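All values reported here derive from a predicted model rather than from experimental measurement.
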Amino acid sequence: MRTALGRVRGLGSAKEGVSHWWAQRLTAVALVPLVLWFVVSLLGFAGADHAAIVQWVRSPVVAVLLVLLIVTLLYHAQLGMRVVLEDYVHAEWLKITSILLLNFAVMFLAAIGVFAVLRVALGG
Amino acid sequence: MLLGWSFALFYHLCNGIRHLFWDAGWGFEIATVYISGKVVLIATVLLTLLTWLLAYGMAGAGS
């Protein structure tokens, strides 16, 4: 997303970051309706039983939206947390290690989350 | 715990929207900053209350 001039002159102290900034805004905009949909949907299940929610997840629209929600949410969280770690962890080794652990944790959670949704949605 | 989480969620959501407005260039005047800040807090409380009232309402009717 950088301009050619920016790339050549290496402008700014960090030298790069526009794509991160844009991805954060993009996921934020996508998350507003996704999260609101999720909260409103869950409200309808207050007092309902396990079978009712399973039926709900089985619906293709719901399953796809849930997967999109999980992935977008985790990506948004990773983007934000990464900046926090980059800015506030000062020891270089600790910064690298914590960002690495963050990335692994996010990947792990994404895998578990998507697998869980798909297993309920596609399982017999 | 859920109450705390839902409050944090709505606060993050409302303030996030406020940030998106800032990204678009709107709302940087100092007076506006304070007003939008208060709007965010009020909206957060309202959304949290609404959600929990609806949840208890549904649970009452369902069970």
For [X] and [Y], indicate whether the former's side chain and the latter's backbone hold a donor-acceptor pair under 3.5 Å.
X: A/K95; Y: A/H90; answer: no
X: A/T72; Y: A/L69; answer: no
X: A/H76; Y: A/L31; answer: no

Shortest non-hydrogen contact from A/A52 toward A/F45: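 Heavy-atom minimum between the residues: O-CE2, 3.6 Å.
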Considering all heavy atoms of both residues, which atom of B/C14 and which atom of B/A43 are nearest to each other, and what is their separation?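 Shortest heavy-atom separation between B/C14 and B/A43 comes out as SG-CB, 3.8 Å.
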Which of residues 18-39 of chain B get closer than 4.5 angstrom to chain A, counting heavy atoms alone?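 Interface residues of residues 18-39 of chain B: B/L20, B/D23.
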Using a heavy-atom cutoff of under 4.5 Å, enumerate the residues of residues 3-13 of chain B that contact chain A, numbered in order, or state 'none'.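 Counting heavy atoms that sit under 4.5 Å from chain A, the residues of residues 3-13 of chain B involved are B/L9, B/F10, B/H12, B/L13.
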Would you give the length of the straight line joining atom [atom1] of [X] to atom [atom2] of [Y], rounded to the nearest 0.5 angstrom?
X: A/Q78; Y: A/L73; atom1: CD; atom2: CG; value: 12.5 Å
X: A/I99; Y: A/L94; atom1: CD1; atom2: CG; value: 10.0 Å
X: A/I70; Y: A/L74; atom1: CD1; atom2: CG; value: 7.5 Å

Is the count of non-hydrogen atoms from other residues, nucleotides or ligands lying under 6.0 Å from A/W22 atom CH2 greater than 12?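 No, the 6.0 Å shell around CH2 holds no more than 12 heavy atoms from other groups.
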Would you find more than 12 non-hydrogen atoms of other residues, nucleotides or ligands less than 6.0 Å from A/F38 atom CZ?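 No, the 6.0 Å shell around CZ holds no more than 12 heavy atoms from other groups.
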Region of A/L42 in contact with chain B, defined by heavy-atom distances below 4.5 Å: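 It is neither, since no heavy atom gets under 4.5 Å.
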So which part of A/V35 gets closer than 4.5 Å to some heavy atom of chain B, the side chain, the backbone, both or neither?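 It is the side chain, since no backbone atom gets that close.
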Closest-packed option against chain A by number of heavy-atom pairs under 4.5 Å, given B/L54, B/L47, B/T51: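 Most pairs with chain A among the choices: B/T51.
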Which is it for B/L46 and B/L50 under the side-chain contact (heavy atoms from CB on, under 4.5 Å) test, yes or no, and what are the steps along the way? CA-CA 6 Å; B/L46 285 177; B/L50 183 69; 6.0 Å; no
